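The structure under discussion appears below in the form of structure tokens.
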Amino acid sequence: MSTPGQRLLKISAGLIGGYLLSTALHLAMALVPSIGINLLVSGTFSGFLLWVVLMIIAFWVRNGWVVWGIYLLLTLIFGLIAYNGKVAI
């Protein structure tokens, strides 16, 4: 059973961290020429579905700090890729 503090961390990581990660991932993927235009058109639906999956994953992990760390690290990586405008394939 998780403590109320861990439960709050998981909820906030799922809602806020999941949204930030799904947005940063879609911004980085939009730079790939072959899928960029199509991704922008369907980004609303796929972004929402990815956000829901990331919320579910946040509750599977036992420690809320681990979820926040992973989500923030991945958000930072994808955000830097989108900011620089380069994708290393």
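Just so you know, these numbers come straight off a predicted model, no measurement behind them.
- Residues Val66 and Val53 share a single hydrophobic cluster, defined by chaining ILVMFWY side chains whose heavy atoms lie under 4.5 Å apart.
- The CG atom of Leu25 sits 6.0 Å away from the CG atom of Leu50 when rounded to the nearest 0.5 Å.
- Contact between Arg62 and Gln6 at its shortest, heavy atoms only, is O-OE1, 3.7 Å.
- Annotation: side chain to side chain contact (heavy atoms under 4.5 Å, CB included) contacts of Tyr19 (sequence neighbours excluded): Thr23, Trp51.
- In terms of heavy atoms, Ala24 sits closest to Gly79 at CB-N, 4.1 Å.
- Across all their heavy atoms, Leu31 and Ala82 have their closest contact at CD1-CA, 3.7 Å.
- A pairwise comparison of heavy atoms in His26 and Ser46 identifies NE2-OG, 2.8 Å as the closest pair.
- In this view, Trp68 and Ser12 satisfy the side-chain hydrogen bond (donor to acceptor under 3.5 Å, both in side chains) rule, not counting sequence neighbours.
- Residues forming a side chain to side chain contact (heavy atoms under 4.5 Å, CB included) with Ile56 (at least two apart in sequence, or on another chain): Val52, Trp60.
- Every side chain to side chain contact (heavy atoms under 4.5 Å, CB included) that Leu74 has, sequence neighbours left out, goes to Leu21, Ile70, Phe78.
- Nearest heavy-atom pair, Thr75 versus Gly17, reported as atom, atom and distance to 0.1 Å: OG1-O, 4.4 Å.
- Rounding to the nearest 0.5 Å places CG of Leu20 at 10.5 Å from CG of Leu54.
- Cluster membership for Leu8 and Tyr71, using ILVMFWY side-chain heavy atoms within less than 4.5 angstrom, is not shared.
- Both Ile77 and Ile57 belong to a common hydrophobic cluster when Ile, Leu, Val, Met, Phe, Trp and Tyr are linked at side-chain heavy-atom distances under 4.5 angstrom.
- For Ile11, the side chain to side chain contact (heavy atoms under 4.5 Å, CB included) partners are Arg7, Leu15, Phe59, not counting sequence neighbours.
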